[in-house]
Peer 1: 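Can you read through this structure? Questions will come right after.
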Amino acid sequence: MTAAGEHAPARKITVFGREFTMPRSRALRIVIGIVLILGGILGFLPILGFWMIPIGLLVLSYEFALVRRHRRRLVVWWERRRRPD
């Protein structure tokens, strides 16, 4: 928060072309990421799915440098793979 009382802009993530606004609270973003990963581990159950693991890692990548580094490497690898030679 700045001296003027303005709030920092909300973080947004894009998944499959859709943009989602993340909560402003860092702790809440971390909890959401962990819950998504844990729910993804139980992907064999109805409603929960293995799709939750990469989404949880994406959410956590905005908070932790180690996860962010791996996400960037994956994006670079994917873009190089898609680029026509």
Side-chain angles (χ1 to χ4, degrees):
M1 189 182 304
T2 62
E6 297 175 18
H7 294 287
R11 293 180 183 232
K12 295 181 181 185
I13 61 172
T14 303
V15 179
F16 300 118
R18 294 191 65 191
E19 194 171 82
F20 298 95
T21 303
M22 296 299 297
R24 292 185 192 273
S25 167
R26 181 176 192 258
L28 187 56
R29 289 190 302 263
I30 292 171
V31 168
I32 290 171
I34 291 171
V35 167
L36 283 168
I37 291 171
L38 292 177
I41 292 171
L42 302 173
F44 56 89
L45 297 173
I47 299 177
L48 303 175
F50 296 112
W51 58 269
M52 296 171 81
I53 295 173
I55 302 297
L57 290 172
L58 178 66
V59 170
L60 289 177
S61 73
Y62 285 89
E63 301 305 322
F64 299 108
L66 180 64
V67 183
R68 184 170 42 249
R69 191 174 307 123
H70 288 293
R71 176 181 52 96
R72 287 180 181 162
R73 285 182 186 168
L74 178 66
V75 168
V76 168
W77 172 80
W78 183 254
E79 291 300 323
R80 285 182 181 164
R81 186 172 177 254
R82 289 183 50 202
R83 186 180 333 144
D85 291 331

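Sequential numbering from 1 along the given sequence is applied to the chain's residues.
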Peer 1: For F44 and F50, work out which heavy atoms get closest and say how close.
Peer 2: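 Taking every non-hydrogen atom into account, N-CZ, 3.8 Å.
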
Peer 1: Rounded to the nearest 0.5 Å, how far does CG of L36 lie from CG of L58?
Peer 2: 10.0 Å

Peer 1: Count I, L, V, M, F, W, Y as connected when their side-chain heavy atoms are under 4.5 Å apart, and connections chain through other members. Are V35 and V59 then in the same cluster?
Peer 2: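 Different clusters: V35 never reaches V59 through Ile, Leu, Val, Met, Phe, Trp or Tyr contacts under 4.5 Å.
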
Peer 1: State, to 0.1 Å, how close I30 and F64 come at their nearest heavy-atom pair, and which atoms those are.
Peer 2: CD1-CZ, 3.7 Å

Peer 1: Should I55 and M52 count as side-chain neighbours, where that means a heavy-atom distance under 4.5 Å?
Peer 2: no

Peer 1: Minimum heavy-atom separation for E19 and K12, please, with both atom names.
Peer 2: OE1-CD, 3.3 Å

Peer 1: Could you give the distance from NE2 (H70) to CG (L60), rounded to the nearest 0.5 Å?
Peer 2: 13.0 Å

Peer 1: Could you grab the distance from atom CG of L38 to atom CD1 of I53, nearest 0.5 Å is fine?
Peer 2: 9.5 Å

Peer 1: When clusters are formed by joining ILVMFWY residues with side-chain heavy atoms under 4.5 Å apart, either directly or through shared neighbours, do L74 and I13 land in the same one?
Peer 2: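 Unlinked, L74 and I13 end up in two clusters.
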
Peer 1: Can you sort out the partners of P23 under side chain to side chain contact (heavy atoms under 4.5 Å, CB included), two or more places apart, ordered by chain and number?
Peer 2: L28, R29, I32

Peer 1: Count I, L, V, M, F, W, Y as connected when their side-chain heavy atoms are under 4.5 Å apart, and connections chain through other members. Are Y62 and L57 then in the same cluster?
Peer 2: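 Cluster IDs for Y62 and L57 differ.
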
Peer 1: According to a 4.5 Å side-chain heavy-atom criterion applied to Ile, Leu, Val, Met, Phe, Trp and Tyr, with indirect links allowed, do I34 and V67 form part of one hydrophobic cluster?
Peer 2: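 Yes, because I34 and V67 connect within a single hydrophobic cluster, where side-chain heavy atoms sit under 4.5 Å apart.
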
Peer 1: Give me the atom names and distance for the closest heavy-atom approach of R71 to S61.
Peer 2: NE-OG, 2.8 Å

